[in-house]
Amino acid sequence: MIHAQHALLDSGWMRNVRITVDAGTIANIETDTTPQPYDTRVDTLLPALSNLHSHSFQRAMAGMTERRAAGRDSFWTWRTLMYRFMDRLTPEQIETIAALAFMEMQEAGYAAVGEFHYVHHQPGGAPYADLAELSARIFAAAATTGIGLTHLPVLYSYGGARQAPLSEGQRRFGNDVTRFQTLVEATRRAARDLPPDTRIGIAPHSLRATSPEDLRRVLAAHESGPFHIHIAEQPKEVADIEGWLGTRPVAWLLDNTPVNNDWCLIHATHMIDSEAKAMAASGAVAGLCPITEANLGDGPFNGAAYLEAGGAFGVGSDSNVNISLTEELRTLEYAQRLRDLARNVMVVGEGSVGETLYCGAAKGGARALDRNAGQIATGCLADLVAIDSTAPALCALSREQLLDGLVFAAKDSVITDVWSAGRHKVRTGRHVAREDIIAHYRKAIAGLLASV
Ligand code: NGQ
Ligand code: ZN
């Protein structure tokens with residue numbers, strides 16, 4: 001049982017809330033109760049967010065690409081460096097890095113992660129003896145940390161628009177549709193030992209890494225999602241797709257595939273208003289990754305038009321250059337303010353920006369990862385986060401201001417506890433396996449640096 005002095009339920013803020021968790025699910029909620037001897041007692045309980053987009057291996061190159069080389073750096077020069085870094089990673093290193101990243105996500109307040117997994121093969125491109133070797137490594141990291149996992153094996157077949165051949169740096173990613181299907185089957189078998197909240201979706205990497213015909217084939221083979229795709233992150237990507245397929249990528253996808261609320265469109269960054277409206281109407285979740293999008297120079301999301309149209313959204317830590325839930329949410333709003341020279345942009349009409357962002361991302365993220373979560377309600381997964389509202393950053397605030405305080409004024413250090421489908425892995429701000437996970441990580445990094 002969890003006893004919270006305050007909890008944000010769907011009906012609003014309640015006091016002295018006692019929550020019974022059974023088999024990972026919220027079985028009962030009582031309000032105005034007194035704590036019992038064996039309760040886990042917390043200050044303020046919120047629904048925990050799902051981190052809807054991660055490439056966990058990129059965590060280990062954080063800080064390595066912030067130095068300007070001759071000429072002008074861009075997303076594309078970063079990508080070349082990322083490919084070079086990725087090409088040396090061993091399965092053991094991939095597992096160890098993922099465990100660190102997942103732990104950091106939990107300590108930041110995320111209960112679950114959507115791992116958009118595209119490194120499948122050995123350096124050089126030959127498959128491992130077990131086609132799903134590297135997916136199994138991600139599963140091991142999820143088991144070590146207890147994070148809720150939605151695994152998204154990625155179909156990556158081409159090096160760029162018009163079915164360009166894979167570049168050397170992309171050889172570890174490549175599968176045609178047939179081998180991809182075999183891989184997905186293998187991941188389903190390998191995931192059997194994971195907890196029942198685990199999900200396997202599929203992710204065509206991007207329109208440029210697949211083709212209309214391949215996309216049609218792979219979707220025909222999967223009745224239900226989650227379906228994730230990188231859609232419109234960079235102006236060059238928009239131009240390439242427009243030149244090839246005749247329309248902008250978001251418009252093309254909506255016109256040519258049955259996009260619905262099983263879909264998550266990652267980096268729906270460059271949308272004109274008509275695309276934002278149509279995407280909102282489709283029910284798809286916009287997978288926004290504000291820290292990474294700022295770091296890579298992608299540009300700001302068309303937030304006002306999308307929210308106005310009722311669009312669903314969630315957030316992801318993507319490159320994991322910095323894993324912080326509070327920073328992720330405030331960066332989303334600050335990009336809008338910097339572009340529009342305005343304040344309080346990400347809210348429709350009047351109201352709290354912090355609440356709009358937090359509660360919106362809780363619901364949208366859960367939907368994108370196919371988790372029955374994103375709110376504290378009976379029957380939902382116990383994806384929960386506790387924060388300390390007596391911390392200096394928050395103690396002056398009313399309940400109505402608290403999520404604004406969390407998003408704009410606090411650091412992740414106000415987070416005290418996190419449960420992923422009832423698995424209580426963060427206690428007093430620390431992951432229970434922290435020391436081991438860090439020790440393994442340090443060793444893996446030493447090995448990686450020695451291999452250069
Ligand atoms: C990725 N990352 O898949 O890791 C990509 C880079 C690509 C972001 N898009 C590779 N942020 O898009 O081709
Ligand atoms: Zn990505």
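Atoms within each ligand, like the ligands themselves, are counted from 1 in listed order.
Within 4.0 Å of ligand 1, contacts by protein heavy atoms are made from His55, Gln58, Phe75, Trp78, Arg79, Met82, Tyr83, Tyr118, Tyr156, His205, Arg208, His230, Glu233, His267, Leu296, Asp318.
Counting non-hydrogen atoms of neighbouring residues, nucleotides and ligands closer than 6.0 angstrom, the CD atom of Glu92 exceeds 12 such neighbours.
With a 6.0 Å cutoff to the six-membered ring centre and a 45° limit on the axis angle, Arg172 does not count as a cation-pi contact of Phe85. Both tests hold for Lys236 against Trp76: distance to the six-membered ring centre under 6.0 Å, angle to the ring axis within 45°.
Note that CG of Asn302 is 11.0 Å distant from NE2 of His270, once rounded to the nearest 0.5 Å.
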Yes or no on side chain to side chain contact (heavy atoms under 4.5 Å, CB included) for Ser211 and Tyr158, after CA distance, side-chain angles and deciding distance?
-> CA-CA 8 Å; Ser211 72; Tyr158 307 104; 3.9 Å; yes

What's the verdict on side chain to side chain contact (heavy atoms under 4.5 Å, CB included) for Cys289 and Ile266, showing C-alpha distance, side-chain angles and the deciding distance?
-> CA-CA 8 Å; Cys289 309; Ile266 308 298; 4.3 Å; yes

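Counting heavy atoms from C-beta outward, Phe102 and Ile138 have side chains that approach closer than 4.5 Å. Contact annotation: the side chain of Thr257 approaches that of Leu215 to within less than 4.5 Å [non-hydrogen atoms, C-beta and beyond].
Ring centers of His230 and Phe116: under 6.0 Å apart, within the cut-off.
Protein N/O/S atoms found under 2.8 Å from the Zn ion (ligand 2): His53 NE2, His55 NE2, His230 NE2.
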